[in-house]
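Chain letters run A, B, ... following the sequence lines, proteins first and then strands; every chain starts at 1.
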Amino acid sequence: MAERMGFFTDTSVCIGCKACEVACKEWNDVPDDGFLFRATSYDNTGGLGADTWRHVAFVEQFTRQGDSWLMASDVCKHCTHAACLDVCPTGALFRTEFDTVVVQPDVCNGCGYCVPACPYGVIDRRRDDGRAWKCTMCYDRLRGGLEPACAKACPTDSIQFGPLEELRARAGERLDTLHGAGVAEARLYGESPADGVGGDGAFFLLLDEPEVYGLPPDPVVTTRDLPRMWAFAGTAALSMAAAVALSFARRA
Amino acid sequence: MAECHPVGFQWVMEAKARGAEVFHIDPRYTRTSAMADAHLPIRAGSDIVLLGALIHHVLAGEHDFREYVLAYTNAATIVSEDFRDTEDLDGLFSGFDPATRTYDPASWAYEAGGDVSGAMSEGEHAAQARLHADSARSDQYGSGGATAHHRARTDPTLRHPRCVYQVLKRHFARYTPEMVEELCGIPRADFRRLAEAVVANSGRERTTAWVYSVGWTQHTVGVQYIRAASILQLLLGNVGRPGGGILALRGHASIQGSTDIPTLFSILPGYLPMPDARMHGDLDGYLAHAAGDTGFWGNKRAYMVSLLKAWWGDAATEDNDYCFGYLPSVTGDHGTYATVLGQIDGTVKGYFVVGENPAIGSAGGKAQRLGLAGLEWLVVRDMTLVETATFWKDGPELETGEMRTEDIATEVFFLPAASHVEKEGTFTQTQRLLQWREKALDPTGDRRSDLWFYHHLGKRIRRRLSEDDVDRPLRDLTWDYPESGPHDDPSAEAVLREINGTGPDGRALSGYTELRPDGSTTCGCWIYCGVYADEVNQAARRRPGGEQSPVALEWGWAWPANRRILYNRASADPEGRPWSERKAYIRWDRDQREWTGPDVPDFERDKPPDYRPPEGATAQAAIGGADPFIMQSDGKGWLYVPAGLADGPLPAHYEPHESPVANSLYGTRANPARREYRRPETPYNSARFPYVITTYRLTEHHTAGGMSRTLPYLAELQPEMFCEVSPELAAEVGLVNGGWATIVTSRSAIEARVLVSPRIRPLRVQGRTIHQVGVPYHWGWAGGGVVTGDAANDLMPIVLDPNVYIQESKAATCDLLPGRRPHGRALLDLIEEYRRG
Amino acid sequence: MGLGGWIARWPVYRQLTGADGRGAAARSARTDALRPRTAEADHVARSVCPFCAVGCGQLVYVKDGRVTQIEGDPDSPISRGRLCPKGSASKQLVTRPDRPSTVLYRRPHGTEWESLDLDTAMDMIADRVVATRRETWQQTFDGMVVRRTLGIASLGGATLDNEENYLMKKLYTAMGAVQIENQARI
């Protein structure tokens, strides 16, 4: 197993250019997601989905306290405890040597179990082929020693890629810098291994509550109770497997 | 900058991380504002008030960098006693002729202390100035200023009432924070914060940079916007030093290159003026007027003769004036808007449109299309079927009944173009850096490069020539570029080498100082001389950034002479010592007796700081060792411009041609010298239009959309034409977010989706509320676009800056109506109703 | 696939034994073969982004005569390998399937495009240039020698290469056309 790799998306330097959205699509050959004017600030993408693996949120906050326009590039979190993977019955979703979570399109049968399992609402089925799609953290690029397309393109280094531990350390320093500069609202999201998903492989520095960006405030792996359930299911499954194996053996 | 130059903006973010304070001045709160320390919403068209108030702040508080100002600018120079300022003449400078609406700049000259500015009589001066103004001759100052005498009288104490410093003080005295509040809509406290930051970050130890784009140029006073910034930066010592400057962020890959090697009517390569039949005559006459005799422009004969030799080779000899007479002459305004009116009038018969889409991208869309319909033939070369190519088939005038396809006689050729990866060649980017692109693969089908097109068109034209005199310039033209590849592509490197020029031995020259006036050298563009030095394509150099200093002299090649910061001699004090170690850049090395530093010195390498020009010296020999501005005839930075501009020696605030606001500063409302075209096809707004409209670009799109609306990955990010309005304006007009608005001017009415946002803030101007409407201009009705929409430029007037003939796209007036626009005849009726007032 | 393999790939077995699917058995053959397609390029051209004038470096990967990827050139001291959304969409600019590839011709008063081969189009354009130039030639204007035509004009975009602008200005000037303009005026 190689080192765990991840994304640290520092939204305090995101300029909302959407290079990440385009670079992702160009590399991964993701189709366009329709041409809908949403009248939601400069966001005409809406959210992550089968055809959008990076999504930049735009939040206009114009108050007496001051003006700000928050921008943040969202992505699959590559959870430590990934419910999508847990529920995938075909083995299409797997954990890579970089500790990222990837769907194998040649294995996915489009059952869609993973879709409701994701606590972030990231993974999604494509309308035309029915299969599940999401960010692979450019698994093919990683295998060639390249960084993911979004991180490479990002003009201001808002999206940083690297060994997760390094990113966590860097994020901590950045947070201290911002706090020192009086940006009290800066916070990390998804960085803590103690959170409901065991920490995200893709975590964020936010400048407001997660809900403001459309992120769940306290995500919990939807299969948290699975180990206990597996104890039952596993026993049943193994007996079944044994039975199946026996029947095969008889035929052989 | 974050909006339109995101990757360049990484350096602003780097600077910010190191403590730089970033101010963003823009009518709208944009993605740049979101990253800035402060956003100052400004009324479009009022920037000279703001800049003037900063100048006033610097002068009133004596915050100027006095040693720099005294040594390097014309602050001490004494101006003619004939000069009258806008303060004296209620918004006019002396010399204005209301009949022709042009200035005679004779009275703007420096005081005639025995030496007159220029050698002309006053009558000559006036006539020249008119010719200057009516043919956009200011374009020639792209690489150096106009001519003024290099040894005018000065008062180093700066107390003389007519010295430039005192003239400036009086001129800007009423540009106060209160005036900023009244005209720009920027509260005094916000102005103070800006002014204090600019002053605190200038001087020996620190520098301030100004960055602008077409938000400053697309005005009827656009050149004077930049002039105002120049004055401020010179006063603060922020020119020619690292971290300083006035930086034009150009919006197209090689728009800098397109003026250096101009496809512009008023200039030849290297900012040599096009001959004007009314003033030039032969080569000697041309050179007498083309530029000054002192400073590096003093070598203009070498530049011009070398150009003529590059074009006409052996046919160009001393006896025939090096074929100078082959050059056609201009006699006035032959600019793109005048050309379009000529198309409507039937004088222009044939039109090449090459990677451009004027039906959408130029102001006055209807006039553009009427022009296209008036042509005999039209050639459009593009990567997509732009609206300019299809106007006869699907243009909006068909729906209104103003045109019928069957009636349009224009013969149209559409030729598909090669992309940037299917050809090799250089772009000149925004910091004058030439970068060579390798060809990745050959284009397929009928797609060809524009180099291929012009090379082969030229060959075909030359096969069709007669023996008579009219065809001689084409017959004698050097046109023998080597061809290769499946399409017989001409060699771009051979062309670049011709641009670079060759010496008597036929070898590539190393720099423009090697050019000779005797016909022994050739050079297609003197400022690019050196790009092929040592027979090496210097623009193709790609030593990785990480392997060299931040100046990165071995990445590409910058004109002139690979210098990265222009006028960098000013980074050292008059004695040649850095102003401070913190801001050290170029310095005089006493031991080696040469200028040295991380950049190529923008100065003669061995000219000592104490060099004083002898009497009667010309060209660079006339520039002293402490005069950094070597392209100027006097080596000085000009706070005050005694010659060369069409609308005054100093910037004065004028309202946009169309404005809902009166000019609080002068009785003269708009720029008196602005260029108007009073035509029924493109009328001007009456006072009936209450709102300010400004056009702009989005990160997700490019210009008129030919390279972005066609791409699903970009089109989906900003799929529809929209307008941005404040919640207050939306309430006033009855617009709802996500709904539709109709935007009306006397030119046309267009519809747009509504984006209501507090990012657009109503401004308090002259005690009342002024609303601004923002419209991106990327959409058109077709263009091969995945997404389509109405074109913002259909709304905009054709009224130009008098110096460079750029249109005022950044500030006009409009009205707003809720809902979608009418179609067909009803659209014309609506506009007609507005025109009647 | 033998029985062992089949069982090994069964997700329940995988989940139980492979601890969160980390086991190699979860991987398909396609997954095992994944590599960045840039690694397979026949060659890489060092180029420059064609959109704005920042001048970001681009690497253009070509495989079997097709552009397979365009991304930032990390060597560029200007852009350090980064690209904006437009620069990142460059591959689509070049490879989009509906990009025109043939000459189109509309005859005067015509209602539809017609096809025309490139060679014929070039000859026709040259004929028109020569004829219009002759018809509209001005040797003098107001008594002054001008040697020009006001009958032919040009407007170029600012994505033209320097070499292209140079040939344009040179040819137009030699033919006497002066209304030669560019986006740089706009």
(message) Between C:R185 and B:E356, does any side-chain N to carboxylate O distance fall below 4.0 Å?
(response) no
Counting only non-hydrogen atoms closer than 4.5 Å, does [X] touch chain C with its backbone (N, CA, C, O), its side chain (CB onward), both, or neither?
X: B:L249; result: neither
X: B:E422; result: side chain
X: B:P712; result: both
X: B:Q435; result: both
X: B:D469; result: both
X: B:A552; result: side chain
X: B:W11; result: side chain
X: B:V379; result: side chain
X: B:T388; result: neither
X: B:H455; result: both

Heavy-atom closest contact ([X] atom, [Y] atom, distance):
X: C:V44; Y: B:E438; result: O-OE1, 4.0 Å
X: C:A177; Y: B:P328; result: O-CG, 4.5 Å
X: C:T159; Y: B:A253; result: CG2-CB, 4.3 Å
X: B:T405; Y: C:R106; result: O-NH2, 2.9 Å
X: B:W555; Y: C:D75; result: CZ3-O, 3.4 Å
X: B:A440; Y: C:V60; result: CB-CG1, 3.6 Å

Choice from [options] maximising heavy atom contacts with chain B below 4.5 Å:
options: C:E112, C:Q139, C:H43; result: C:E112
options: C:D123, C:V145, C:L160; result: C:D123
options: C:M175, C:R82, C:E135, C:M124; result: C:R82

Heavy atoms only, distances under 4.5 angstrom: which of [options] has the most pairs with chain C? Name it, please.
options: B:L711, B:V804, B:D407, B:T347; value: B:L711
options: B:K349, B:R460, B:H334, B:R543; value: B:R460
options: B:M383, B:K439, B:R250; value: B:M383
options: B:S419, B:P358, B:G445, B:G355; value: B:S419
options: B:D471, B:V470, B:I261, B:L327; value: B:V470
options: B:F9, B:W377, B:Y713; value: B:W377

Against chain B, label [X] side chain, backbone, both or neither, depending on which of its atoms sit under 4.5 Å from a heavy atom there.
X: C:I78; result: both
X: C:V129; result: both
X: C:D117; result: neither
X: C:Q138; result: neither
X: C:V62; result: side chain
X: C:F141; result: side chain
X: C:D42; result: neither
X: C:S76; result: both

Flag side-chain contact, heavy atom, 4.5 Å: [X] against [Y]:
X: C:V54; Y: B:Q429; value: no
X: C:L167; Y: B:F453; value: no
X: C:V103; Y: B:F413; value: no

(request) For the residue pair B:T478 and C:K170, confirm or rule out a side-chain donor-acceptor distance under 3.5 Å. (result) yes
(message) Around atom CZ of C:R66, are there more than 12 heavy atoms from other residues, nucleotides or ligands closer than 6.0 Å?
(response) no
(message) How about CZ on C:R107, more than 12 heavy atoms from neighbouring residues, nucleotides or ligands closer than 6.0 Å, or not?
(response) no
(request) Check for a donor-acceptor pair, side chain of B:Q807 on one end and backbone N or O of C:I186 on the other, with a separation under 3.5 Å. (result) yes
(request) In sequence, state the C-alpha distance, the side-chain angles, and the governing distance for C:N162 and B:L434, and then conclude on side-chain contact (heavy atoms from CB on, under 4.5 Å). (result) CA-CA 9 Å; C:N162 290 314; B:L434 283 81; 3.7 Å; yes
(request) Look at the aromatic rings of B:Y454 and C:Y172 and report parallel, tilted or perpendicular, splitting at 30° and 60°. (result) perpendicular
(message) Rounded to the nearest 0.5 Å, what separates atom CD1 in B:I499 from atom OH in C:Y166?
(response) 6.5 Å
